[in-house]
Amino acid sequence: MVKITDNYLTDKKAFTDAGIKVPSYDITQKTGATRWVHFGGGNLFRAFHAAIADRLLESGDLDAGVVVAETHDPDVVEGVYKQYDDRILRVITHEDGKFEKELFASVADSLFFAADHQAEWDKLFKIFENPALQLATFSITEKGYNLWDTEGNLLPAIQDDIKNGPKAPKNNMASLTALMFARFKAGKYPMALLSTDNFSQNGERLQKSVLTIADGWAKNGLVPAEFVDYLKDDQTISFPLSMIDRITPNPSDMVSDQLKQDGFEDYQILHTPGHTNIAAFTNTEETHYLVVEDDFPNGRPALDKAGVILTDRDTVNDADEMKVTTCLNPLHTALAVNGSLLGFNSIAKEVSDPDMLNLIKQIGYVEGLPVVTDPKVINPKKFIDQLVNKRLPNPYIPDMPQRIASDTSQKLAVRYGVTIQHYIDDPKRQPADLNFIPLVLATWCRYLMAVDDQGKTFTPSPDPLLSELQPKVSDIKLGDKTDVHAHLKDILSNKSIFGHDLYAIGLGEKVEAYFASQISGTGAVRKTLAEALAKYAKNVD
């Protein structure tokens, strides 16, 4: 048996016997000043960013480990960082069942970043006051950047932080801005703030949040106006865009069991009181992409040597649009709402269903691919090939339709609305040419009923618009005569949901027709899908 805290340099054989690759460097001897801080110590960082740092430490292109600042759950720091000497066991689960296990020692320190954790708070401020710091990266989820309610008003907690200033803020973005103020006061040192969260225009969202806080402080006389100028000057502070792609679900019981069999003692999964699932190990897929705008005013580690694609801003935007609007996210949402209605609890099982596989092929290859902009750094067709043939069918990635179905109302305008807009803009096409995107939009409306295809009720995944939208369809009974237009007109005409008034562009009636078919009785969702595929599907093999 081997433990993650065993000496991997002197006891390498014990790790090798357990099938675990170990580093050749000693992180305690990497004593350079901190160049890289990462906010968000969850599974994506542990599987992806930590691996990038590990490669650079191995090659000598990084002279100090990453400092991780967890912002959500203090039990993560104590439970899986400090307990295991800040080490990480990454398990890549291949679709053929092979497990690729590797130990990372690339985290130099971990801390919980909040003003009421004084010692850790002070430690991070000292790092930000050091001119050697080059970048901070973020994986704090899209919600971590939000300062506003649905009406566009600043949240009460943000108003308090703006009123009270940089000494003891409560919100993550205000705390980050306080760090930047300390860096400004220390010497107006440059650096990059790089969001690697999985949403479009992530760097611009980060910039907007930081500047909103800083502007508020300046207007209240709590910081000098020069601080805002410092943040706005792209020669000193940059907010690069990125596109990230790596499926990294919660630690898997199946992986935990296999690690135990392989002789790894620290196989247990921790379920924290804050509802975080994390372990000494993290499981992920083999395929991964990180495309980053190469804009680092204080220099950067040699990220390209560790597989990061460094490019210009337009190319990052193109790569992001390719993924989010065509080649991955729309397919995911189609699987999410259909899978929830058809009784699937595994994405891998769902794509083994011929109808579901054909549906996502039609959305990706037939309807999306002809209008997507090729980013050149990633081939869009090969990206879809890899997704449908290798990534989604991987039974060792325990992803679920129900997870992906969360917040669908917030995703449709990007995941489908952008492709619809391309059909509007292209003189050779029109939205009425689309058959399967409208079907998915109808299926989402059917999903809002919270009744599956067998007529059984289910609990929809969390979504901020459920309370507003569900009453519009809650009185519909399967098999009953229903005025579909009366029920759906307010939903389908809502531009904030779809990016378009679907009636104005000629798709509303098509969505209504699909929905009418889907509520005709039990089994009608499956039947409607099969009929649409039989009528409209094109051969993509």
Side-chain angles (χ1 to χ4, degrees), residues 150-152 321 324-326 329-331 333-334 336-338 341 359 362-363 366-368 370-372 405 407-451 460 463-478 480-520 524-525 527-529 531-533 535-537:
T150 55
E151 302 298 321
E321 183 175 310
V324 172
T325 73
T326 306
N329 294 25
L331 282 61
T333 291
V337 293
N338 277 279
L341 290 172
L359 171 64
Q362 298 302 314
I363 293 169
V366 177
E367 296 188 342
V371 296
V372 74
D407 302 328
T408 298
S409 70
Q410 309 299 294
K411 302 170 180 175
L412 295 171
V414 173
R415 297 190 177 193
Y416 299 107
V418 172
T419 292
I420 292 171
Q421 186 63 49
H422 287 321
Y423 275 72
I424 294 171
D425 295 339
D426 189 335
K428 298 178 182 179
R429 307 177 196 276
Q430 54 187 343
D433 297 335
L434 297 167
N435 294 301
F436 295 99
I437 288 177
L439 175 58
V440 175
L441 301 182
T443 307
W444 176 66
C445 294
R446 172 69 180 78
Y447 169 91
L448 292 173
M449 292 170 56
V451 176
D463 189 306
L465 293 188
L466 282 181
S467 60
E468 175 184 335
L469 299 178
Q470 284 195 279
K472 299 181 186 299
V473 296
S474 61
D475 63 334
I476 298 175
K477 306 296 181 187
L478 297 183
D480 287 359
K481 187 175 181 180
T482 303
D483 185 343
V484 170
H485 180 71
H487 284 84
L488 296 189
K489 59 183 176 61
D490 291 342
I491 300 176
L492 301 185
S493 61
N494 191 325
K495 291 183 179 180
S496 67
I497 295 177
F498 302 103
H500 308 273
D501 175 342
L502 296 184
Y503 297 104
I505 61 172
L507 282 183
E509 291 77 9
K510 184 174 283 191
V511 175
E512 285 185 5
Y514 278 134
F515 183 84
S517 175
Q518 291 174 325
I519 62 171
S520 62
V525 173
K527 182 180 178 183
T528 302
L529 172 60
E531 290 175 347
L533 289 169
K535 187 173 182 179
Y536 299 115

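Excluded from the calculations below are hydrogen atoms, water molecules and symmetry mates; all remaining heavy atoms, backbone and side chain alike, are included.
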Ignoring hydrogens, what is the shortest heavy-atom contact between [X] and [Y]? Give both atom names and the distance.
X: Ile363; Y: Pro330; answer: CG2-CB, 4.2 Å
X: Ile424; Y: Ile505; answer: CD1-CG2, 3.7 Å
X: Asn435; Y: Lys510; answer: OD1-NZ, 3.2 Å
X: Ala524; Y: Gln518; answer: CB-O, 3.3 Å
X: Gly508; Y: Leu492; answer: O-CD1, 3.8 Å
X: Gln362; Y: Ala537; answer: OE1-CA, 3.5 Å

Salt bridge flag under 4.0 Å for residues Asp480 and Lys477 =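 A salt bridge is absent here (no side-chain N lies under 4.0 Å from a carboxylate O).
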To the nearest 0.5 Å, what is the distance between [atom1] ([X]) and [atom2] ([Y])?
X: Tyr536; Y: Glu531; atom1: OH; atom2: CD; result: 10.5 Å
X: Thr482; Y: Ile476; atom1: OG1; atom2: CD1; result: 5.5 Å
X: Ser409; Y: Glu468; atom1: OG; atom2: CD; result: 8.5 Å
X: Tyr423; Y: Leu434; atom1: OH; atom2: CG; result: 5.0 Å
X: Ile420; Y: Asp425; atom1: CD1; atom2: CG; result: 12.0 Å
X: Ile491; Y: Lys472; atom1: CD1; atom2: NZ; result: 6.5 Å

I would like to know whether Leu488 and Phe515 meet side chain to side chain contact (heavy atoms under 4.5 Å, CB included); could you show each step before the answer?
-> CA-CA 9 Å; Leu488 296 189; Phe515 183 84; 3.7 Å; yes
Report yes if some heavy atom in the side chain of [X] is under 4.5 Å from a heavy atom in the side chain of [Y]; otherwise report no.
X: Ile497; Y: Leu469; result: yes
X: Val484; Y: Ile519; result: yes
X: Phe498; Y: Leu507; result: no
X: Lys489; Y: Asp483; result: no

Is there a donor-acceptor contact under 3.5 Å from the side chain of Asn338 to the main chain of Ala334?
->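 A pair under 3.5 Å: yes.
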Kindly say whether Gly417 contributes a backbone atom to a donor-acceptor pair with the side chain of His500 at under 3.5 angstrom?
->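 Checking the backbone N and O of Gly417 against the side chain of His500, a donor-acceptor pair under 3.5 Å is found.
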Which is it for Glu512 and Tyr503 under the side chain to side chain donor-acceptor pair (under 3.5 Å) test, yes or no, and what are the steps along the way?
-> CA-CA 10 Å; Glu512 285 185 5; Tyr503 297 104; 2.5 Å; yes
Test Lys428 against Val371 for side chain to side chain contact (heavy atoms under 4.5 Å, CB included), laying out the working first.
-> CA-CA 11 Å; Lys428 298 178 182 179; Val371 296; over 6 Å; no
Side chain to side chain contact (heavy atoms under 4.5 Å, CB included) between Arg446 and Val451, intermediate numbers included | CA-CA 8 Å; Arg446 172 69 180 78; Val451 176; 4.2 Å; yes
Result of checking Leu441, Leu448, Thr443, Val525 against Val337 for side chain to side chain contact (heavy atoms under 4.5 Å, CB included) |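 Among Leu441, Leu448, Thr443, Val525, the one that satisfies the side chain to side chain contact (heavy atoms under 4.5 Å, CB included) with Val337 is Thr443.
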Please report the C-alpha distance between Asp463 and Thr408 in whole Å, then the side-chain angles of each, then the deciding distance to 0.1 Å, and finally whether the side chain to side chain donor-acceptor pair (under 3.5 Å) criterion is met.
-> CA-CA 7 Å; Asp463 189 306; Thr408 298; 4.9 Å; no
In chain order, what residues pass the side chain to side chain donor-acceptor pair (under 3.5 Å) check against Asp475, with sequence neighbours excluded?
->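 Asp475 satisfies side chain to side chain donor-acceptor pair (under 3.5 Å) with His487 once adjacent residues are dropped.
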